[in-house]
Amino acid sequence: MRTEQPKTIRLSEYKVPAYLVDTVDLRFELFDDGARVHSTLSVRLNPESSEVSAPLALDGDSLKLEKVALNGKELAAGDYEETGKQLVIAKVPDQFELTVVTWLEPQNNTRLEGLYRSSGMFCTQCEAEGFRCITYFPDRPDVMARYRTRIEADKSACPVLLSNGNDVDQGDLENGRHFVTWEDPFPKPSYLFALVAGDLVEKQDTFTTCSGRDIDLRIFVEPRNATKCEHAMDSLKRAMRWDEEVYGREYDLDIFMIVAVDDFNMGAMENKGLNIFNSSCVLASQETATDLAFQRIESIVAHEYFHNWSGNRVTCRDWFQLSLKEGFTVFRDSTFSADVGSPTVKRIENVTLLRTAQFAEDAGPMAHPIRPASYMEITNFYTLTIYEKGAEVVRMIHTLLGPELFRKGSDLYFERHDGQAVTTDDFVKAMEDASGRDLTQFRLWYEQAGTPVLKVSDEYDAEQGVYRLTIQQSIPDTPGQTDKKPQHIPFALGLLGAVVKPCRLFLKAVRMLRARQPSACLS
Ligand code: SER
Ligand code: ZN
């Protein structure tokens, strides 16, 4: 029985981490009956933290701790405290190297978080808080580090050993074992860590980026699925080109990998350079898959690829900001699908999902803003509101600014925050700074839950030739939120008539609305 009380985590109580981690050196020894993880962290006091002499508190979950060493010296049991959810070392220097060795049982991990086995293959899922099931670590997205990962396993059971970044070393070991070392030069949060080890076949291709770099593309699947990855590979190349053309974003590593796994909690995951997919979201053949399945694969492959910039290079400061990466990336993938397919069909699909499922969420007991103010369990917040409404909020910024200013805003956002863990407010600020538009009122979209209702009435004064349109906005109460303020909303208007001449437009709710002035109206 679980006896621990769930704790409420509040955005208002956010504090910068007391310690930062610059590099993470991992060594995985994979066996049939378990896995040993050696982790060496270079840690330093965060100059931005006001907590002087804070204890070092690392997150952990269901770990068997074998060893802790500080600057190479093994600590005795009394030198640290292990509480089941944390490893606490009361006294640490301002800068030090910490080694932690843990023992895991991936074969018995049915939560599919952290390191687990699926059909004999070792695989990880670390978003949102799975890395703590692998080793003790400050498992929060604002701790960004450079990772080097060495994987050792039996060569015949696991001929393929993958992790994030570029492969820098490999070789044979005793007893039929072998190793591969991966190095990821880009600092990343722990939720983007990934490892895959198994007997997989690969489909290979290349993509030449806009600056002329050749990227090695690989999709790894179980041998029985070898013929089913062509569509995913084509989709990937289309997505890579589109992100260059529409957002000016070039791929950064030398290799990009996708792995298909049968047992996977989410649809897919954007781990740096090593996306892991539920098989159903990547495999398709003309004989068995429908058009819809082909489109779905294309959009999920694109979504995960686009995260390389919107999520990985610029990541979330904390999990309250989940929509920063998900809302923006869903907006990016639906624009991509509209561009490569039918914009009308895609828009109808988006709007139908929003109206049938997200509006219902917004009207029910689970209603929450796209940037929630508190949560107990972050895994419950991978919702339609965060993803789909979050994407519509970004779409509204796009509508208000227009494509050129929006692109200026996204360029500024990526340049200003490259390598940082930021907030939705930083995103809106970049859009404001690049466009010169005031989005103060617009920010309420991030804070208030519920679907706004617009009441529109109009009158036409034929004598004066004046058409008056009155728009009232109300937002229903939602759990914990009443008396909401009206939200800045784009409102497109066009008037058609037999005789055309310039018109005057009166907006009574002018602070909330930005209307496109119609060029003509009924006379
Ligand atoms: N981060 C993952 C995704 O949205 C989780 O679903 O792609
Ligand atoms: Zn996503």
Side-chain angles (χ1 to χ4, degrees), residues 111-114 116 123-131 133 139-141 144 164 188-194 196 219 232 235-236 239-240 242-243 247 249 256-261 263-282 296-337 350 353 357-358 361 370-372 375 377-395 410 414 421-422 424 427:
R111 278 167 62 184
L112 311 187
E113 282 178 85
Y116 62 94
C123 175
T124 55
Q125 171 57 31
C126 293
E127 184 176 4
E129 297 178 334
F131 194 71
C133 306
D139 192 14
R140 43 186 290 171
M144 298 176 81
N164 319 87
K188 65 168 175 286
S190 49
Y191 81 86
L192 291 174
F193 170 79
V196 170
I219 300 183
S235 305
L236 173 63
M240 294 178 89
W242 185 89
D243 213 18
Y247 280 86
R249 301 293 113 200
F256 184 85
M257 298 173 281
I258 288 177
V259 181
V261 191
D263 305 293
F264 201 64
N265 267 345
M266 307 197 170
M269 179 62 212
E270 70 264 22
N271 317 296
K272 181 77 188 188
L274 178 56
N275 288 187
I276 300 182
F277 278 59
N278 191 314
S279 302
S280 69
C281 301
V282 70
R296 184 161 167 266
I297 289 168
E298 183 181 59
S299 82
I300 299 176
V301 167
H303 177 97
E304 305 311 330
Y305 173 74
F306 295 153
H307 269 312
N308 190 53
W309 276 95
S310 49
N312 300 4
R313 288 286 286 259
V314 181
T315 196
C316 302
R317 187 192 73 174
D318 51 66
W319 292 116
F320 298 102
Q321 320 298 330
L322 183 56
S323 199
L324 172 78
K325 72 177 180 83
E326 296 304 345
F328 187 22
T329 305
V330 171
F331 172 70
R332 274 151 59 67
D333 84 56
S334 30
T335 324
F336 164 76
S337 299
N350 283 153
L353 179 62
Q358 196 283 321
E361 190 169 273
I370 62 167
R371 192 198 56 205
Y375 64 80
E377 174 56 61
I378 188 57
T379 48
N380 293 337
F381 271 93
Y382 285 76
T383 60
L384 286 158
T385 299
I386 300 287
Y387 278 68
E388 306 301 326
K389 185 176 180 183
E392 292 306 322
V393 169
V394 175
R395 185 187 297 276
S410 69
F414 288 127
V422 302
T424 52
F427 179 80

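Read the numbers this way: they start at 1 and go in the same order the structure lists the ligands and their atoms. Here the structure is a predicted model, which means the values were calculated and not measured.
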Exercise. What residues come within 4.0 Å of ligand 1, counting heavy atoms only?
Worked result: Glu127, Met266, Ala268, Met269, Glu270, His303, Glu304, His307, Lys325, Glu326, Tyr387
Exercise. Less than 6.0 Å separating the ring centroids of Phe328 and Phe306?
Worked result: no
Exercise. Does any pair with a residue in residues 265-274 pass salt bridge (Lys or Arg N to Asp or Glu O under 4.0 Å), and if so which ones, sequence neighbours excluded?
Worked result: Asp252-Lys272, Glu270-Lys325
For this session: Please name all residues satisfying ring-ring contact (aromatic ring centres under 6.0 Å, His included) with Tyr387, sequence neighbours left out, ordered by chain then number.
Result: none
Problem set entry | Considering only N, O or S atoms of Glu326, the one closest to the Zn ion (ligand 2) | OE1
Exercise. Backbone N or O of Thr424 within a donor-acceptor pair of the Gln321 side chain at under 3.5 Å?
Worked result: yes
For this session: With sequence neighbours left out, write down each residue that passes ring-ring contact (aromatic ring centres under 6.0 Å, His included) with Trp319, or none if nothing qualifies.
Result: Tyr191
Exercise. Nearest heavy-atom pair of Ala128 and Asp139: which atoms, and what distance?
Worked result: O-OD1, 4.4 Å
For this session: Please answer whether the main-chain N or O of Ile386 pairs with a side-chain N or O of Glu326 as donor and acceptor at a distance below 3.5 Å.
Result: no
Exercise. Do you know which N/O/S atom name in His307 is closest to the Zn ion (ligand 2)?
Worked result: NE2
